[in-house]
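Computed over heavy atoms, backbone and side chain alike; hydrogens, waters and symmetry mates excluded. These numbers were taken from a predicted model, which means no experiment stands behind them. Read the numbers this way: they start at 1 and go in the same order the structure lists the ligands and their atoms.
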Amino acid sequence: MNTDIGLSARLDRISTDGRYLIVPMDHGITLGPVTGLVDIESTIDGITRGGADAVLTHKGTAPRVHPNKNGKGYIVHVNGSTVIGPDENDKRLTGTVEDALRVGADAVSFHINVGSDYEPDQMTQLADLCSRAADFGVPVLAMSYARGPGIDEQDPEALAHAVRLAEEVGADVVKTAYSGDADSFGRVVEATRLPVVIAGGSRGTDRETVEMVRGTMDAGAAGVSMGRSIFQHENPEAITRAVSAVIHDDADVDTALERAGLGIEA
Ligand SMILES: CC(=O)[C@@H](O)[C@H](O)C[C@H](N)C(=O)O
Ligand SMILES: O=CC(=O)COP(=O)(O)O
């Protein structure tokens with residue numbers, strides 16, 4: 001059976017007209033129950049009201065996600081590590097495509113640290129995940145970071161390599177870090193035919209967050225998979241509304257902040 005229609009139907013559920021505003025909340029494994037993840041129900045309710053296309057968690061929190069996601073998309077993340085373990089870059093499998101489908105996911109995601117000691121195993125696992133997901137018409141979001149000893153995590157050449165690897169092994173959407181400006185990130189976006197979305201990293205000011213999103217879209221990217229900058233915000237709905245204004249309505253930074261009721265000062 002042709003699963004292309006399933007793939008495109010599911011991609012539509014996690015995006016709007018090819019643009020992606022994903023809020024990942026898989027950090028409960030990595031960082032523990034940090035701000036925004038303790039009462040994850042109200043965070044999900046706020047961000048989906050604010051304009052998120054999809055939320056992302058590990059499979060165990062699925063029962064807490066579904067009643068609060070206001071009809072938006074759902075992605076299940078299938079590997080993880082902790083900051084208190086021996087090596088945070090050593091992400092291990094936590095689920096399968098079948099697990100994700102069982103808990104009602106529209107897509108799966110997987111984190112690879114390109115340049116780390118764990119890259120060979122993670123690359124094989126990602127390639128296998130893409131093959132398995134393709135059997136079911138399930139999209140794969142590859143979180144492809146340039147991370148490891150001696151790696152500059154914002155180096156555009158390293159990021160370009162990371163996103164290209166994701167395409168080569170069969171992913172459908174790729175997330176990576178932002179290189180810091182639209183010009184250099186344009187080279188990252190050009191490195192692949194996949195839709196590219198950025199991670200937000202640790203939380204900055206509202207203006208810094210929205211400027212980063214504006215630069216990303218100006219570089220030709222497809223959106224964001226932005227976690228801490230959104231779920232750790234004192235008003236996740238408002239910051240999502242600002243990010244959504246840029247991604248979905250092509251707003252400039254001041255307009256986006258004003259529309260969300262956030263101050264336009266730095
Ligand atoms: C906590 C971090 O540094 C993030 O960049 C994570 O590595 C990315 C991911 N969402 C995770 O928690 O595994
Ligand atoms: O799953 C994690 C991400 O996609 C990015 O999270 P961040 O907190 O925006 O770096």
Asker: Determine, using heavy atoms of M143 and all atoms of ligand 1, whether some pair is separated by less than 4.0 Å.
Answerer: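 M143 does not count as a contact of ligand 1 under the 4.0 Å cut-off.
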Asker: A side-chain contact here means heavy atoms from C-beta on lying under 4.5 Å apart; do S81 and D90 qualify?
Answerer: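 Answer no - side chains too far apart.
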Asker: Suppose we measure from atom 6 (C) of ligand 1 to each protein heavy atom; which comes out shortest, and what is that distance?
Answerer: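 Here the nearest protein heavy atom works out to R147 NH1, 4.0 Å.
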Asker: Is there a donor in the side chain of T96 and an acceptor in the side chain of D99, or the other way round, less than 3.5 Å apart?
Answerer: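 Side chains of T96 and D99: pair found under 3.5 Å.
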Asker: I need the atoms of ligand 1 closer than 4.0 Å to a non-hydrogen atom of K91, numbered in the order shown.
Answerer: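 Those of ligand 1 that fall under 4.0 Å from K91 are 7 (O), 11 (C), 13 (O).
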Asker: In terms of relative ring orientation, are H111 and Y145 parallel, tilted or perpendicular, with 30° and 60° separating the classes?
Answerer: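 Plane angle under 30°, so parallel.
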Asker: Give the residue and atom name of whichever protein heavy atom lies nearest to atom 12 (O) of ligand 1, and the separation in Å to one decimal.
Answerer: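 Scanning the protein heavy atoms, the shortest distance from atom 12 (O) of ligand 1 goes to T30 OG1, 2.5 Å.
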Asker: Which residue pairs pass the ring-ring contact (aromatic ring centres under 6.0 Å, His included) test when at least one of the two sits in residues 190-248, sequence neighbours left out?
Answerer: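 Sorted pair list: H27-F231.
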Asker: Would you call D254-R259 a salt bridge at under 4.0 Å N-O?
Answerer: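 Between R259 and D254 there is no salt bridge, as every charged N stays at least 4.0 Å from the carboxylate O atoms.
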Asker: In terms of side-chain heavy atoms, does S116 have a donor or acceptor partner in N89 at a distance below 3.5 Å?
Answerer: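 There is no such pair (donor and acceptor under 3.5 Å, judged by atom type) between the side chains of S116 and N89.
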Asker: Under a 4.0 Å heavy-atom cut-off, what residues line ligand 2?
Answerer: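 For ligand 2, the contacting residues are P24, D26, H27, M143, Y145, K175, A199, G200, G201, S225, M226, G227, R228.
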Asker: Return the closest protein heavy atom for atom 4 (C) of ligand 1 as residue, atom name and distance.
Answerer: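 Answer for atom 4 (C) of ligand 1: R228 NH2, 3.5 Å.
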Asker: So do T94 and K59 actually touch side chain to side chain, heavy atoms under 4.5 Å?
Answerer: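 A side-chain contact is absent here, since even the closest heavy-atom pair is not under 4.5 Å.
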Asker: Are the side chains of I230 and L21 in touch, meaning some heavy atoms are under 4.5 Å apart?
Answerer: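 The answer is yes, as the side chains (C-beta and beyond) meet within the 4.5 Å cut-off.
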Asker: Set out, in order, the CA-CA distance, both residues' side-chain angles and the distance that settles side-chain contact (heavy atoms from CB on, under 4.5 Å) for V114 and S144, then state yes or no.
Answerer: CA-CA 7 Å; V114 179; S144 197; 3.6 Å; yes
Asker: Between E153 and ligand 1, which residue portion shows a heavy-atom distance shorter than 4.0 Å: side chain, backbone, both, or neither?
Answerer: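 No part of E153 is near ligand 1 at this cut-off.
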Asker: Among all protein heavy atoms in this structure, tell me which lies nearest to atom 8 (C) of ligand 1, with the distance rounded to 0.1 Å.
Answerer: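 Of the protein heavy atoms, Y145 OH, 3.5 Å lies nearest.
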Asker: Show the numbers, then the answer: is there a side-chain contact (heavy atoms from CB on, under 4.5 Å) between Y74 and T57?
Answerer: CA-CA 8 Å; Y74 182 41; T57 72; 2.7 Å; yes
Asker: Using a 4.0 Å cutoff against the non-hydrogen atoms of D26, which atoms of ligand 1 qualify?
Answerer: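 Ligand 1 atoms under the 4.0 Å threshold to D26: 9 (C), 10 (N), 11 (C), 12 (O), 13 (O).
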